[in-house]
Structure formats: structure tokens, C-alpha cells
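Before any comments, here is the structure.
The residues of the chain are indexed from 1 along the displayed sequence.
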Amino acid sequence: MFIEVLKSKIHRVTVTEANLNYIGSITIDADLLDAANLIANEKVSIVNNNNGERFETYIIKGERGSGVVCLNGAAARKAQPGDIIIIMSYAMMDFEEAKTFKPAVVFPDTATNKLV
């Protein structure tokens, strides 16, 4: 049996931009991606702590060290710059493996989106 479990989480990061006129996705600083074991084009779930919105999109790698967290396309309607969001990805794995799997969870500074 396979189950879906939390693989990666960026907990409480600040949206820096919202670009409605882009094809879609979320651009995330490469430092945050590396720390959370996330990659470009990976599907993510996003929760907006300010308004309760929940949605899914995919990742675009942002400039390393920039602190960028930019919602693009339709996702730009779900959050505004300054909103605090949680970004999560999940993985399918064997039930026994899932019992011992440890997700990558990072807690960036919400003022700068830099790792602390």
C-alpha cells in the first residue's frame, strides 16, 4: 500500500510579489528550495494564513539569496505581497517507509524570507 505524506514544507514565508500577467506558478528563492528539498516544476500546495486561501501550483526557481516568493498568473489573485503563506509538497511512498520518513521543514525569517 502507498500513502501520500508531507515531503517538504516552507513554514510561514512572506509573499514578496504577485504577478497576474505571468503564465502561472510560484517563484521561490533557490536557497529556500534547497533547504526544503524542493525543485523547479514540483507541484506544491499553498495555504495563505492571511485569508485562508488554499491552492496548488508548480515551482519556478528564483534568484538565489533574493528572498523572492512571487505568485504568478491566477495564483496572484490568492495572495498579496505581505501575506504569510505555507508552501508544502507531498510524496507517495510505501506505508512502512512513511512510518520513518522525516520531511524537510524550514522556518525562514518572515521579514526577509532568509533562512535563520
Can you see which heavy atom on [X] is nearest to which on [Y], and at what distance?
X      : Y      : value
Asn37  : Ala104 : CB-CB, 4.0 Å
Cys70  : Ala18  : SG-N, 4.3 Å
Asn113 : Gly67  : ND2-O, 2.9 Å
Ser8   : Leu38  : CB-CD2, 3.5 Å
Val5   : Ala98  : CG1-CB, 3.9 Å
Tyr58  : Ser25  : O-CB, 3.1 Å

Please check if the side chain of [X] supplies one atom and the backbone of [Y] the other of a donor-acceptor pair under 3.5 Å.
X      : Y     : answer
Lys114 : Gly65 : yes
Lys61  : Leu33 : no
Asp29  : Ser66 : yes

Linked, directly or transitively: [X] and [Y] (ILVMFWY side chains, under 4.5 Å):
X      : Y      : answer
Val68  : Ile46  : no
Met92  : Met1   : no
Val69  : Ile59  : yes
Val15  : Leu115 : yes
Phe101 : Phe95  : yes

Kindly indicate whether the side chain of [X], heavy atoms from C-beta on, has any atom under 4.5 Å from the side chain of [Y].
X      : Y     : answer
Asn51  : Lys78 : no
Pro108 : Ile10 : yes
Ile60  : Tyr22 : yes
Glu56  : Ser45 : yes

Side-chain donor-acceptor pairs under 3.5 Å in residues 82-91, sequence neighbours left out?
unit_1 : atom_1 : unit_2 : atom_2 : d
Asp83  : OD2    : Asn48  : ND2    : 2.9
Asp83  : OD2    : Gln80  : N      : 3.0
Ser89  : OG     : Glu42  : OE2    : 3.0

>> Can you pull out every side-chain hydrogen bond (donor to acceptor under 3.5 Å, both in side chains) where at least one residue sits in residues 10-21? Sequence neighbours excluded, please.
In response: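 Sorted result for residues 10-21: Lys9-His11.
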>> Measuring from atom CG of Asp31 to atom CD of Glu63, what distance do you get when rounded to the nearest 0.5 angstrom?
In response: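 The distance works out to 10.0 Å.
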